[in-house]
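Here is how names work: the chains are called A, B, and so on, in the same order as the sequence lines, proteins then strands, and each is numbered from 1.
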Amino acid sequence: QKEVEQNSGPLSVPEGAIASLNCTYSDRGSQSFFWYRQYSGKSPELIMSIYSNGDKEDGRFTAQLNKASQYVSLLIRDSQPSDSATYLCAVRGTGNQFYFGTGTSLTVIP
Amino acid sequence: DAGVIQSPRHEVTEMGQEVTLRCKPISGHNSLFWYRQTMMRGLELLIYFNNNVPIDDSGMPEDRFSAKMPNASFSTLKIQPSEPRDSAVYFCASSLRRNPNTEAFFGQGTRLTVV
């Protein structure tokens, strides 16, 4: 079993819509959770981090964490074509390492 | 800060040759990670170091792969001998170990092609 699972997509949404990305993890001891965005040919860059159960909002992005269900999600409101990228869910394990999901490819259609 | 620096950015080599990838972490970071990214398998953790000490190398695919971190500002990932299936993008990342809420910062990656 992989440590972090994501729906691989691809996911397509029209411009202005809400994009919803989901992730589950296997290590119950994990405390830190991250969403990275990766444009084609580029390296992953952090867009959101979350450590406590509930929602965390930053501009058009909202991260949601449910530790009991071992579930993390990312909502992107008012999606823009520039949001088209691969989104990687990452979990910081109890050994301090970072495990990544395989990513969800998002395309925002103008 | 210049960020995580990797070299070379691109490497093309023939099967059987030795390949060495290099990484300079962000100054002050004491955790360093090597990842391999392919379309099929995504971003795989190969090995990570805390305070220059290898902690977990269970992700290293074969004995052909080795990694070292001789000091806090330099690490290498070596493949010897290289094979076509090693072709991938290799990323180095660094982080602060003492703060569990800090993220991993990535270098620009090395695109390796083994022909």
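Annotation for B/Asn71: atom CG counts as buried by contact number, over 12 foreign heavy atoms lying within 6.0 Å. Residue B/Glu62 qualifies as enclosed at atom CD: its count of foreign heavy atoms under 6.0 Å is above 12. B/Arg64 CZ: more than 12 foreign heavy atoms inside a 6.0 Å radius. Atom NZ of B/Lys68 is surrounded by 12 or fewer heavy atoms from other residues, nucleotides or ligands within 6.0 Å.
Among A/Pro44, A/Ser32, A/Ser49, A/Gly41, the residue making the largest number of heavy-atom pairs under 4.5 Å with chain B is A/Pro44. Counting heavy-atom pairs closer than 4.5 Å to chain B, the top residue among A/Tyr36, A/Tyr51, A/Phe33 is A/Tyr51. Interface check for chain A: of the options B/Ser31, B/Gly109, B/Ala104, the most heavy-atom pairs under 4.5 Å are formed by B/Ala104.
With hydrogens and angles disregarded, a donor-acceptor distance shorter than 3.5 Å links the side chain of A/Arg92 to the backbone of B/Thr102.
Considering B/Phe33, B/Phe106, B/Phe91 as possible partners of A/Phe100, the one that fulfils the ring-ring contact (aromatic ring centres under 6.0 Å, His included) test is B/Phe106.
Under the 4.5 Å side-chain heavy-atom criterion for Ile, Leu, Val, Met, Phe, Trp and Tyr, A/Ile76 and A/Val13 are members of the same hydrophobic cluster. By the rule that hydrophobic residues join a cluster once side-chain heavy atoms approach within less than 4.5 Å of another member, A/Leu65 and A/Ile47 end up as members of one cluster. Using a 4.5 Å cut-off between side-chain heavy atoms of Ile, Leu, Val, Met, Phe, Trp and Tyr, with links allowed through other members, A/Met48 and A/Leu106 fall into the same hydrophobic cluster. Both A/Tyr87 and B/Leu43 are part of a single hydrophobic cluster, where members link through side-chain heavy atoms under 4.5 Å apart.
Atom CG of B/Leu96 is separated from atom CG of A/Asn96 by 9.5 Å, given to the nearest 0.5 angstrom.
Heavy atoms closer than 4.5 Å to chain B are found in the side chain of A/Gln38, but not in its backbone. Neither the backbone nor the side chain of B/Ile47 has a heavy atom closer than 4.5 Å to any heavy atom of chain A.
Side-chain atoms of B/Arg41 and A/Thr102, non-hydrogen and from C-beta on, never get closer than 4.5 Å to each other. At least one side-chain heavy atom of B/Tyr35 sits less than 4.5 Å from a side-chain heavy atom of A/Phe98. Two residues are said to be in side-chain contact when any heavy atoms from C-beta on lie closer than 4.5 Å; A/Ser43 and B/Gln6 fail this criterion.
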